J.: 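Below is a structure I'd like to ask you about.
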Amino acid sequence: MNALSDYKGQEPAWCPGCGNFPILETLKTALFELGMESHQFTIVSGIGQAAKLPHYLKCNTFNGLHGRALPPATGMRLVNHEMPVIVTSGDGDCYGEGGNHLIHAIRRNINVTLLVHDNQIYGLTKGQASPTTTEGVVTKTQPFGANASELNPISLAIGLDCSFVARGYAADSVFLKSIIKEAITHKGFALVDILQPCVTFNKLNTYSWYKERVYHLDETYNPYDRAEAFKLAIKPPDKIPTGIIYKNNKLTFEERISILKESPLVKQGFSLKTTLKELDTFY
Amino acid sequence: MNALSDYKGQEPAWCPGCGNFPILETLKTALFELGMESHQFTIVSGIGQAAKLPHYLKCNTFNGLHGRALPPATGMRLVNHEMPVIVTSGDGDCYGEGGNHLIHAIRRNINVTLLVHDNQIYGLTKGQASPTTTEGVVTKTQPFGANASELNPISLAIGLDCSFVARGYAADSVFLKSIIKEAITHKGFALVDILQPCVTFNKLNTYSWYKERVYHLDETYNPYDRAEAFKLAIKPPDKIPTGIIYKNNKLTFEERISILKESPLVKQGFSLKTTLKELDTFY
Amino acid sequence: MRESMDYTILIGGKAGQGLQTIGGVLARLFSRMGYHVFSHQDYMSRIRGGHNFYQLRFSDKEVSSSKKKAHIIVALDLTTIELHKEDLEENGIIIFDAQSVKQTFTGQEYLNVPFDKIAVENGGDKIMSNTAAIGAVLGMLRLEMTLLEEIIHTNLKKKGNDIINKNILTAKAGYQYAINECTQCSFAVSMPGKNGNMLIDTSQAVGLGSIMSGCKFYCGYPMTPSTAVMNYIGSKAQEYSIVVEQTEDEISSINMALGASYGGVRSMTGSSGGGFALMTEGVSLAGMMELPVVITLAQRPGPATGLPTRTEQGDLLFVLHSGHGEFPRVVFAPGNPEQGLYLTNKAFDLAEKYQIPAFIITDQYIADAQWTYESLDTNNLVYNDYRLRSSEGEEAESAYKRYSFSEGAVSPLAVPGDSKRLVVLDSDEHDEDGHMIEDAEMRTKMMQKRLFQKLPLIQQEIEAPFYFGGEKPDIVVTGWGSTYGIIKDAVMSLSKTQNIAMLHFSQIYPLPLYEHFDYLKILSEARITICVENNATGQFAYLMRAETGYKFTHNINHFDGRPFLLESLTGEINECIERL
Amino acid sequence: MRESMDYTILIGGKAGQGLQTIGGVLARLFSRMGYHVFSHQDYMSRIRGGHNFYQLRFSDKEVSSSKKKAHIIVALDLTTIELHKEDLEENGIIIFDAQSVKQTFTGQEYLNVPFDKIAVENGGDKIMSNTAAIGAVLGMLRLEMTLLEEIIHTNLKKKGNDIINKNILTAKAGYQYAINECTQCSFAVSMPGKNGNMLIDTSQAVGLGSIMSGCKFYCGYPMTPSTAVMNYIGSKAQEYSIVVEQTEDEISSINMALGASYGGVRSMTGSSGGGFALMTEGVSLAGMMELPVVITLAQRPGPATGLPTRTEQGDLLFVLHSGHGEFPRVVFAPGNPEQGLYLTNKAFDLAEKYQIPAFIITDQYIADAQWTYESLDTNNLVYNDYRLRSSEGEEAESAYKRYSFSEGAVSPLAVPGDSKRLVVLDSDEHDEDGHMIEDAEMRTKMMQKRLFQKLPLIQQEIEAPFYFGGEKPDIVVTGWGSTYGIIKDAVMSLSKTQNIAMLHFSQIYPLPLYEHFDYLKILSEARITICVENNATGQFAYLMRAETGYKFTHNINHFDGRPFLLESLTGEINECIERL
Ligand SMILES: Cc1ncc(C[n+]2csc(CCOP(=O)(O)OP(=O)(O)O)c2C)c(N)n1
Ligand SMILES: Cc1ncc(C[n+]2csc(CCOP(=O)(O)OP(=O)(O)O)c2C)c(N)n1
Ligand code: SF4
Ligand code: SF4
Ligand SMILES: [Mg+2]
Ligand SMILES: [Mg+2]
């Protein structure tokens, strides 16, 4: 790898001013600084604005179905646990359609880095409420307002004892970069919920709205205390902490599968001959 | 309603000694004591051993698909919020296949009582690991052992700020009955995770295993403190608290939908004539 | 010149530039004036940028398709000029704002209208440049301004008088600019001299149809192009007391809709391709439980995410066979808003009458396309409450069996809580009471009731296909669903020189009985039969062959995500004729 | 008496009583002795109680179906006697333990063997009563005990010598009891005088096939009757280094399998009815991404949960059209374990060769049914690694295009991380690089490559259907999948008196080309053609008509969740013949 520009992919089709732009640039820088070349990692995504990211960043890409990024990411890791896998997802993609996979990816503690571009809205489909949309917001498909409480991905993940739980803010590039780098190098499932302004459809959670609320967790904060992390996570959202909120050092899923000890599955050979003896077991 | 025997349904097809029997009897007693007659409530279930329950207890029944009990329960409540709805589910049904619906039913705070017969195993399909199976247990479909951490439904639900979160134990009928009664009368989504021995497939979490660990939360415990409840929920499982672990008094989903204020949807009439004027809006 | 007036206007630009507003206002304007209008949309899967267009045809005779060539092209950006200038009709004109497209064009066919400048000078804000464009188009056509003022009033009511007045001023200025500058404008606009027409698209028609059928519950998960139906119903939810709920996923949608149906109301859900795929298990559940539900499927090109904002008829066979196991269903595919309204009503009626899932298939093209009508017939709409809601006395009620054999194919469906009747539904095979069973005899009886007894009854309800042509046509052009309009326009124009007929199926499954109208005879006796489909494999032709054995002599298939256009379809039909 | 020896043993009892163990040991015993064995199972959806049975036929000639009538009924409970006594063959015998069924029966056809008592007296524990029963059956048949001792040794190795010896003692006592007491036993058991046979069911064969095809990843969610394949592969996972993962739901299964395939290994998933329905979106994804994956569908009666432990062929059309949009696939339905092994291997090969989803359809009946073979041919199995794994140098690698048009229908599929090639897959329509596009031209080209260019190549790979009969048969009995054995036995027996042939499809889609074998001609020239299906609507017949226009003269359909039995199918075929 030589230059940051080597990551340049297709021209983004996002709206001018979209919070996805700084996320894309930050991710590129993080990868660059980690020395990961385009062919050395894979980005898996679902469908949504965030999910388009791998087209805009040169890399191995599995841009699959809406809500279904984590299962292929898991499959990929299980057959090749030397391949770093990053998932870029949206709040609808990950917490709505894909909610069940999130729960179980956390349980598995598969070593995948999940970046949720959380714009608190369905962007690509034009402005419906997402699971993180603030209660009460009225949209065309929420004629009575978003009547469900907004999902708190941080407390959910801590509730599931997720191995790495962080929150970042799209416009806070330097800090976000440090979080993303830690998430990528963390051994285990890492969730980074990234607050992302959607300038077109989310008129509530704007750049200035976030700016007033977002703050950094400082060095004194201990992310290893689960109960304290939970307390922080459920505080009223007038001030929004960013940084690594919780982490632990569980074994990864890949580490717990004995047959993966020696080498990744994809590198283990096969010959039909070695299997012929199985026929004998049926006599 | 006259007698407990009025709830008698089909002959259960459960194994002799199964923990589902006391749950069934306890539920009947709770309903009886609450004065709810068979036609006055509905039980919705998915597929699994627990899901067979409504056939064994005379009532309005929607025995739907595996993992999909909560959506029809929600649909039912939305069109008739005068109808109490109870869901009987299994750990696979509810936390595995149905995990996404659980998250969002909690977010909606739909006024449904969810009883999860948590036998920490897939019973009906013959003994595969469920999301609550203890890490490491080997089964035919877990040849490398259950490698994911077991799901903690209590901390998950508290993480989602579920309106009512309780744990009961199948063989502890009197206490379980009191929990179920409170869950049914609670206004909002109520999750009761019921520890249920499966005498056929779960050789680890047996009656005696539970007996050694289960204890009652006493009056001094304050279920309204979310952070404390979380602490309790994540304690190591050498001692298992039962009782109401967390609750809050949020508005229910039904209450937040303006058009349901006056009467349940199913009682609101319809006449084609009143809609004819809509044609004019297209000129 | 022309026999009748028939103009096409294309408005092109980037997503977010408001071309839908321009198109929408013009379409509404022309229909209010009493013209017949047909419009369709072409847009990319992005929110800003790219290239989109809105195409509108208006005429003093009925029009039901789009043409390739346009008389006026409103170019909001350079790309529009580059991409569409070849499609300009003779004497057609491209209007554009040289300053905003950052290039100028000269020549007979170009008219530079400084939209932005007009907007700033008259309205005080560039934001009104689209209003200037609308005014300019009217000016080019030498039409009156009064109706536009009315529309500005209605559309901007919420924004207050100041905004309204500024917009009117801007529109007038654009209008005047075109009157003065477009010396080459030679459009001969005949006055329709009639009352205003309705303007409606098929998503609205399906939404309207569901409201007029007493639908009380709609749930769905956003997915283009199916969301439009949800949006329409949502916009009326308060007024007609309809619960509209966005679910966490499509699996929840179908199951929640079934729960609502069980609860005793008419309920509906809808999606597109992948979202519908997730519903198929629930479709099978509806089949087993015998629960009424209406499902709309707005098709888009697959497989997988495909071309999410474009059009295709690629899911017919998937819908027909969706869900494991065997159970009856009805499948309708409206070819225009009128059919959309009628068939949605019929879907609700049959779903409840026979306790089955009923499908309405559209696609992006027909979902968005606007048509005009003098009025829509509502006399053919029905509303019957087929539920068992009366009270009978305790004993009779306790004898209630959800799946009783005693009433033949359709066992009365009671409403839980409404009486002492216990309503027991099971996804397993069950007995009359609704409790699960395993014996072969009961299984066979239930299959007979659910499937074989119902099928002939349902089939009797299906009406003849639309037929247009003589008794013994040489050529029959057949289609289904969204191709209704285009086939009609093509066949009408070809019928001047050919003994050609049109056959169109909107009630697709079960196929209509020959008793009503012997389409098989017509087809078998024709020399050339062409099945036109917007898919690759000819799915309707496959269905016809499977059901009737009949094989079309020709197939015309497009699968590029775009709708058929009149010139090219006519050309392709002609090729089939000539090839023989 | 009989031309050849052909005995049926039925073991009946409650779930949990161990009748599968008795049946399994007897089946293994007979096959080791060199007999031909066919067994099938009938069980309820419960873990304890109810009524289940295991039926086993053994003969000195090939057998491939079950008969209704049994020669020996081992009744572990009263219900078995009550339900099955009518099905006893002439001179057949019901053995039971009067004490444990709590009733006694007298008469020529009953033999009371005190299983429990024998077990307690010889083994010291009632738990061995099934061993006593096995011994007794051998005694009734006057077969040797040696092989049973061997089997007891192998099966109970882990339990230690004490348990083994007690079981052997118990078996011998049961044996001796029958020798002494069954004076009415008149079974004439010919010695096969050959080597032992293999005994295998089709779930095992499919699992074995996947292992022998280099499958390295299996994921699935438990669902009867599909779980057996997962169990088999799971039992070998350690030895052959296969990751076996139970997913949270079936949506995850198909998507995880695709992720694994993308990662560079052969991968597989499977389910039944409703679980498969949830996979259909992912099937479409495989189609769009052109990712190889093998999917097994073990059918059971639907709709919805249906009869979860029973059998049906009700999902053929659903599979054929599953997934939105249009893309190629292959569908195989093995009719016996031999075909199961071969077709699984072929599915893996074709899936990877053409980068498509390949399906293997079974059903509960064929999944559980055991067959014997002298040996299975492995010479017809292939393993080719079609992935692009070689290294080319940086420049060439950076020019790699996942969906390159330059190699025709199939673009080389590289392995991410294996070289500098970037492997870009997209669920949207895409260009050669794999990046999303919206233009009509690229869309059309991709559809042409993905669908139309591949289809004829795939079709060339499909082999002729199995045909058994003369050149000009009067009667042709046709079937697909699990009915292979029963049709074969029925047609063999009818061929003594009729000019009858059998036609069986296990490579179902695409249908075989006529070039290989003109089955259409055979059918068209026959007088009576019967399509036998274990479903209500005749799905294969529908497919045949859609694809070829051919309509069978007769259909035999069962849909009661039970397999066909020899006597009744033969009867029904005769009826068709007589009716004409
Ligand atoms: C199964 C399925 N359902 C629905 C859709 C339509 N869809 C595409 S993106 C999207 C939501 C996007 O929201 P989010 O995930 O928050 O991403 P954003 O666009 O906001 O970044 C939806 C509903 C789909 N493609 N597939
Ligand atoms: C979509 C689908 N997948 C799988 C199944 C098979 N299945 C039936 S019950 C069950 C699991 C039962 O486990 P649990 O929910 O814990 O209930 P239990 O039997 O233990 O009470 C499964 C996997 C199904 N019926 N439908
Ligand atoms: S719609 Fe919102 S999230 Fe999507 S690109 Fe535009 S600004 Fe970004
Ligand atoms: S298998 Fe387990 S859960 Fe199921 S009925 Fe038997 S004991 Fe109960
Ligand atoms: Mg979003
Ligand atoms: Mg369980």
Side-chain angles (χ1 to χ4, degrees), chain C residues 44-45 50 251 272-278 280-281 283-285 287-289 299 301-310 312 314-315 317-318 320-327 426-429 436 438 440-441 443-444 447 451-452 535-537 539 542-543 545-546 549 551 559-562, chain D residues 44-45 50 251 272-278 280-281 283-285 287-289 299 301-310 312 314-315 317-318 320-327 426-429 436 438 440-441 443-444 447 451-452 535-537 542-543 545-547 549 551 559-562:
Chain C
M44 298 182 82
S45 180
I251 305 173
S272 298
F276 174 69
L278 293 168
T280 55
E281 190 192 17
V283 169
S284 180
L285 180 64
M288 183 53 125
M289 287 191 157
Q299 299 166 108
T305 311
L307 291 166
T309 61
R310 306 203 171 269
E312 190 167 277
D315 300 335
L317 292 171
F318 184 33
L320 283 171
H321 302 294
S322 63
H324 51 297
E326 298 167 291
F327 52 92
D426 189 8
S427 70
D428 298 88
E429 192 56 274
M436 52 179 125
E438 298 222 21
E441 203 185 321
R443 159 72 176 178
T444 306
M447 282 291 279
L451 182 61
F452 292 117
N535 59 37
T537 57
Q539 302 195 11
Y542 192 93
L543 171 67
R545 192 158 200 217
K551 191 176 178 185
F559 44 88
D560 61 358
R562 271 63 179 180
Chain D
M44 298 182 81
S45 178
I251 305 173
S272 298
F276 174 69
L278 293 169
T280 56
E281 190 193 17
V283 170
S284 180
L285 179 64
M288 183 53 124
M289 289 191 156
Q299 300 166 108
T305 312
L307 292 165
T309 60
R310 306 204 172 268
E312 190 168 276
D315 299 337
L317 292 171
F318 184 34
L320 283 173
H321 303 294
S322 62
H324 52 295
E326 298 167 291
F327 52 92
D426 189 8
S427 70
D428 298 88
E429 192 56 274
M436 53 180 126
E438 297 222 21
E441 205 185 320
R443 158 72 176 178
T444 306
M447 283 290 280
L451 183 60
F452 292 117
N535 60 37
T537 58
Y542 192 93
L543 171 67
R545 193 159 197 217
E547 294 278 342
K551 192 176 176 184
F559 44 90
D560 61 357
R562 271 65 179 178

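Residue numbers begin at 1 in each chain, while the letters A, B, ... track the order of the sequences. Note that the coordinates shown come from a computational prediction; the quantities given were computed from them, not determined experimentally. Computed from heavy atoms alone, side chains included, the values below leave out hydrogens, waters and symmetry copies.
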J.: Under 4.5 Å heavy-atom distance to chain D, tell me which part of C:Ile251 shows up: side chain, backbone, both or neither.
T.: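 When you check distances to chain D, only side chain atoms of C:Ile251 fall under 4.5 Å.
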J.: Given heavy-atom pairs under 4.5 angstrom as the criterion, report whether the side chain, backbone, both or neither of C:Asp426 touches chain D.
T.: neither
J.: Can you see which heavy atom on C:Leu317 is nearest to which on C:Tyr542, and at what distance?
T.: CD1-CD2, 3.8 Å
J.: Flag the pair C:Thr537 / C:Phe559 as yes when at least one side-chain heavy-atom distance between them is below 4.5 Å, and no otherwise.
T.: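 They are not in side-chain contact.
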J.: Looking at D:Glu441, D:Glu429, D:Lys551, D:Met436, which makes the most heavy-atom pairs under 4.5 Å with chain C?
T.: D:Glu429
J.: For C:Phe452, which atoms come within 4.5 Å of any heavy atom of chain D: side chain, backbone, both, or neither?
T.: side chain
J.: If you count heavy-atom pairs under 4.5 Å with chain C, which of D:Gly302, D:Pro308, D:Gly274, D:Ala277 comes out on top?
T.: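 So the answer, after comparing D:Gly302, D:Pro308, D:Gly274, D:Ala277, is D:Gly274.
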J.: Could you list the residues that satisfy side-chain hydrogen bond (donor to acceptor under 3.5 Å, both in side chains) with D:Thr305, not counting sequence neighbours?
T.: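 Partners of D:Thr305 under the side-chain hydrogen bond (donor to acceptor under 3.5 Å, both in side chains) test: C:Ser427.
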J.: Against chain C, work out which of D:Met289, D:Met447, D:Arg562 has the most heavy-atom pairs shorter than 4.5 Å and name it.
T.: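 Top count of heavy-atom pairs under 4.5 Å with chain C: D:Arg562.
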J.: Against chain C, label D:Ser45 side chain, backbone, both or neither, depending on which of its atoms sit under 4.5 Å from a heavy atom there.
T.: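 Both backbone and side chain.
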J.: D:Gln299 versus chain C, heavy atoms under 4.5 Å apart: side chain, backbone, both or neither?
T.: neither
J.: Against chain C, work out which of D:Gly325, D:Ala546, D:Gly314, D:Pro303 has the most heavy-atom pairs shorter than 4.5 Å and name it.
T.: D:Pro303
J.: So, for D:Leu451 and C:Ala536, which heavy atoms are closest and what is the spacing to 0.1 Å?
T.: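 The pair with the smallest heavy-atom distance is CD2-CB, 3.8 Å.
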J.: By a 4.5 Å heavy-atom criterion (distance strictly below it), what part of C:Glu326 contacts chain D: side chain, backbone, both, or neither?
T.: both
J.: Heavy-atom pairs under 4.5 Å with chain C are the metric here; pick the option from D:Pro301, D:Gly306, D:Ser322, D:Gly549 that has the most.
T.: D:Gly306
J.: Tell me, for D:Glu312 versus chain C, whether the close heavy atoms (under 4.5 Å) come from the side chain, the backbone, both or neither.
T.: side chain
J.: Which atoms of C:Gln539 come close to chain D, meaning under 4.5 Å heavy atom to heavy atom: side chain ones, backbone ones, both, or neither?
T.: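 Side chain only.
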J.: So which atom in C:Phe318 and which in C:Thr280 form the shortest heavy-atom distance, rounded to 0.1 Å?
T.: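 Taking C:Phe318 first and C:Thr280 second, the nearest heavy atoms are CZ-CG2, 3.8 Å.
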J.: Using non-hydrogen atoms only, which part of C:Leu278 is less than 4.5 Å away from chain D: side chain, backbone, both, or neither?
T.: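 Its backbone and side chain both get close to chain D.
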